[in-house]
Amino acid sequence: HDFEINLAKALLQLKPSHLDALQMLATALASAARFSEALEADRNILKLKPKDPTAHYNIACSYSSLNHLDKAFEALEKAFECGYRDYKHLLKDRDLENVRRDPRFQKLLNKRWGRRQSTK
């Protein structure tokens with residue numbers, strides 16, 4: 001992941017608002033388990049695309065990985081409000097393991113999909 005991280009950082013030095021570089025950086029940092037840094041990159045993406053459902057979803061993933069569950073649930077709610085609908089990915093994304101263990105996850109599913117969903 002070092003190559004992607006270094007490349008993205010070099011591009012961002014030239015243009016700090018380079019969206020593709022920010023997304024590459026956030027993804028590479030998360031894959032390298034550098035979650036605090038990934039969260040920072042995710043926040044910068046959100047500044048550029050405040051209504052983007054995937055940006056909010058990725059913020060939720062970063063918070064979940066850092067075990068900041070209240071903030072992760074807030075970000076998931078915002079992702080849904082902005083149109084996030086990839087239910088299958090939500091159930092298998094490793095970055096959301098901490099969120100899925102929390103009893104609030106089932107309540108969130110019930111609220112969003114109106115019936116009990118299997119999280120297995």
Worksheet item: Do any pairs count as a salt bridge (charged side-chain N to carboxylate O under 4.0 Å, His left out) and have a residue in residues 24-35, sequence neighbours left out, and if so which ones?
Response: R34-E37
Worksheet item: Do D95 and S62 have side-chain heavy atoms sitting under 4.5 Å apart?
Response: no
Worksheet item: Y63 and side chain to side chain contact (heavy atoms under 4.5 Å, CB included): which partner among N98, L39, N58?
Response: L39
Discussion item. With side chain to side chain contact (heavy atoms under 4.5 Å, CB included) as the test, pick out the partner of L90 among V99, L76, L108.
Written reply: L76
Item to complete: Would you mind listing every side-chain hydrogen bond (donor to acceptor under 3.5 Å, both in side chains) that reaches into residues 69-84, with sequence neighbours excluded?
Response: D70-R104, E77-K111, E77-R112
Discussion item. According to a hydrophobic-cluster definition based on side-chain heavy atoms being under 4.5 Å apart (Ile, Leu, Val, Met, Phe, Trp, Tyr only), do Y57 and L46 belong together?
Written reply: no
Discussion item. Treating S64 as the side-chain partner and A72 as the backbone partner, does any N or O pair qualify as donor plus acceptor under 3.5 Å?
Written reply: no
Worksheet item: When rounded to the nearest 0.5 angstrom, what is the spacing between CD in Q23 and NE2 in H18?
Response: 10.0 Å
Item to complete: Sorted by first residue and then second, give each salt bridge (charged side-chain N to carboxylate O under 4.0 Å, His left out) pair with at least one member in residues 42-66; sequence neighbours left out.
Response: K49-D52
Worksheet item: Looking at CG of L96 and CG of D102, how far apart are the two atoms once the value is rounded to the nearest 0.5 Å?
Response: 11.5 Å
Worksheet item: Is there a donor-acceptor contact under 3.5 Å from the side chain of D93 to the main chain of H89?
Response: no
Worksheet item: Does any N or O in the side chain of R85 come within less than 3.5 Å of the main-chain N or O of F80, such that one atom is a donor and the other an acceptor?
Response: yes
Response to the item:
Rounded to the nearest 0.5 angstrom, the CE-CG distance for M24 and L12 is 8.5 Å
Worksheet item: For the atom pair CG (L48) and OG (S17), what is the distance rounded to the nearest 0.5 Å?
Response: 6.0 Å
Discussion item. Looking at every heavy atom in both A26 and A38, which two are closest together, and how far apart are they?
Written reply: O-CB, 3.8 Å
